[in-house]
Protein chains: 2
Amino acid sequence: MARKTGSHADITGPRVRAAALQLFARHGYAAVSMRQIAAEVGVQAGALYLYTPDKQALLFDLMRAHMREVLDRWRDEPKGLSPGERLDAFTRYHIRFSLDRPEAVFVSNMELRNLTPEHFAQIEAMRRSYEDELEAILVAGRADGTFRLEDSKLAALAIIAMLTGVTGWFRSGGRLSRDRVEQVYRGMVRGAAGSA
Amino acid sequence: MARKTGSHADITGPRVRAAALQLFARHGYAAVSMRQIAAEVGVQAGALYLYTPDKQALLFDLMRAHMREVLDRWRDEPKGLSPGERLDAFTRYHIRFSLDRPEAVFVSNMELRNLTPEHFAQIEAMRRSYEDELEAILVAGRADGTFRLEDSKLAALAIIAMLTGVTGWFRSGGRLSRDRVEQVYRGMVRGAAGSA
DNA sequence: CTTCAAACTGAACGACTGTGCAGTTACACT
DNA sequence: AGTGTAACTGCACAGTCGTTCAGTTTGAAG
């Protein structure tokens, strides 16, 4: 049961990553066995090692891919010119991105402690550089008087924590639409930044 | 090696809970074995079962005790009369409480998915009642014009997420003192609530 | 000194863990 | 039809898991 049409389309590799992501998100990295992942893909456990050197690499690849996408897509985002507009764009971007990939966000936030020290350092660096993106907006806005805040590093961390929390309770089809959630958070983030 | 002075002071039970809390916080519930906990206490694995029926109950007891303390101590807290003062009190309380018990906060936030459905429902109910405490403040403040916010339920969740994030980065002896952190967050929380 | 129960050990249980590997299957290409 | 090779199975290994329990140690009470 190998090889699909058109040369050798790698279809199982992505399926392994998708299954691992879903299971890690639902039960946690440590609580998921390679055999469970394999069963989800419809394959025996040994076959997973054609696509990953080990379980740890599976987690790391998932998290690295997610963080890369977070950073890359933010760079591609059209940005407003004023700090206020840029903050709004950040809010909207973070919420949309998080709601589009709830499992990846969840895993990336929860499984940091299950990375080896080397892997942790790499993910942590990407995470920090994302925080720096927001902090730069806050610093610019404080400089030109748009924001009134006491500590821009703290504010960046607080705002990201607030935004990431959305994935914890949002249910599509629930009381609030995505647009409404974005709108409400835009107001709260502006408020937290001391924007007029 | 049993029995200390003064009748039969139960000293090992608390030590088991303390060790479990620390290890669960550091490595995660699923990644910690009963043998590791036992080693930390200085006892063989089997002896743990004198103090807990099983591993799951150990986690649940830890989380229930934490949530009970969160709720009880908040009820004992002297509260201001105005919604603004009450919001400030909540901010200060949540940060102080979290920084005093970082491991318990961490475990209570991270290990929800490792609870059995019955245990999860109980913890979730306590968590919701804590959120309701904050929401009541926000509703009152919106009614009397102190706060300007679009959705008080969302605001409660957002503010709690923001405050709980503190435990993720705060290091005592770091750049900021506790008092300073409380002060900065007071301003951001007020801002997020749309307070003048 | 004897009695008794609580505290604890040490070994065992069946099940499960991540990982390796010899052998099998199935398809693309000649 | 034959060949090569990527994909995959099925079993094995050496550990570890949570949990149980018969037996030992302990220290206080009588």
Side-chain angles (χ1 to χ4, degrees), chain A residues 1-24 26-63 107 111 113-116 118-119, chain B residues 1-24 26-63 107 111 113-116 118-119:
Chain A
M1 204 165 299
R3 288 297 166 79
K4 304 293 171 181
T5 64
S7 72
H8 60 89
D10 250 37
I11 200 68
T12 308
R15 293 226 301 151
V16 169
R17 263 171 271 137
L21 181 61
Q22 292 224 1
L23 288 169
F24 289 168
R26 178 140 45 235
H27 307 291
Y29 171 79
V32 172
S33 72
M34 294 301 270
R35 273 168 253 259
Q36 284 176 60
I37 298 169
E40 188 74 18
V41 177
V43 111
Q44 293 297 317
L48 298 182
Y49 291 84
L50 294 167
Y51 306 100
T52 184
D54 52 31
K55 192 186 176 191
Q56 166 72 206
L58 206 45
L59 176 62
F60 176 61
D61 286 347
L62 253 26
M63 293 180 65
V107 169
E111 304 294 355
R113 61 180 166 193
N114 286 311
L115 293 170
T116 62
E118 300 78 27
H119 289 162
Chain B
M1 206 167 298
R3 291 294 167 77
K4 303 294 172 181
T5 64
S7 70
H8 61 88
D10 249 37
I11 202 68
T12 307
R15 294 225 302 153
V16 169
R17 265 172 269 137
L21 181 61
Q22 292 225 358
L23 288 169
F24 289 168
R26 179 140 45 235
H27 306 292
Y29 172 78
V32 171
S33 71
M34 294 299 271
R35 274 168 253 258
Q36 285 176 60
I37 298 169
E40 189 73 19
V41 177
V43 112
Q44 292 298 316
L48 298 182
Y49 291 84
L50 295 168
Y51 306 100
T52 183
D54 51 33
K55 192 187 175 189
Q56 165 73 206
L58 206 44
L59 176 62
F60 176 61
D61 286 347
L62 252 26
M63 293 180 67
V107 168
E111 304 294 354
R113 62 181 166 191
N114 286 311
L115 292 170
T116 62
E118 300 77 27
H119 288 162

- Query: Counting side-chain heavy atoms from C-beta on, which of D:dC8, C:dT9, C:dG18 comes nearest to B:Ala47?
  - Reply: C:dT9

- Message: Within this structure, what is the CG-CG distance for the pair B:Asp54 and B:Leu48, rounded to the nearest 0.5 Å?
- Response: 11.5 Å

- Query: Would one find a side-chain N or O of B:Tyr51 under 4.0 angstrom from OP1 or OP2 of C:dC8?
  - Reply: yes

- Task: Figure out the CG/C1' separation between A:Leu48 and C:dT17, and round it to whole Å.
- Result: 14 Å

- How long is the gap from CG on A:Leu58 to CG on A:Leu23, to the nearest 0.5 Å? 10.0 Å

- Message: At less than 4.0 Å, is any side-chain N or O atom of A:Ser33 found next to OP1 or OP2 of C:dT17? Yes or no.
- Response: yes

- Task: In whole angstrom, give the distance that lies between atom CD1 of A:Ile11 and atom P of D:dA7.
- Result: 12 Å

- Query: B:Lys55 has a side chain; which of D:dG18, C:dT19, C:dC8 sits nearest to it?
  - Reply: D:dG18

- Closest of C:dT17, D:dT19, D:dC8 to the A:Leu50 side chain is D:dC8

- B:Arg35 side chain, from C-beta outward: closest of C:dC8, C:dT19, D:dC17: D:dC17

- Note on the structure: Separation of D:dT9 atom C1' from A:Gln44 atom CD, nearest Å, is 6 Å

- Answer yes or no: is there a side-chain heavy-atom contact under 4.5 Å between A:Gln56 and A:His119? yes

- Query: Given C:dA7, is OP1 or OP2 found less than 4.0 Å from the side-chain N or O atoms of B:Thr12?
  - Reply: no

- Message: Under 4.0 Å, counting only non-hydrogen atoms across every strand here, what does B:Val41 touch: a base, just sugar-phosphate, or nothing?
- Response: nothing

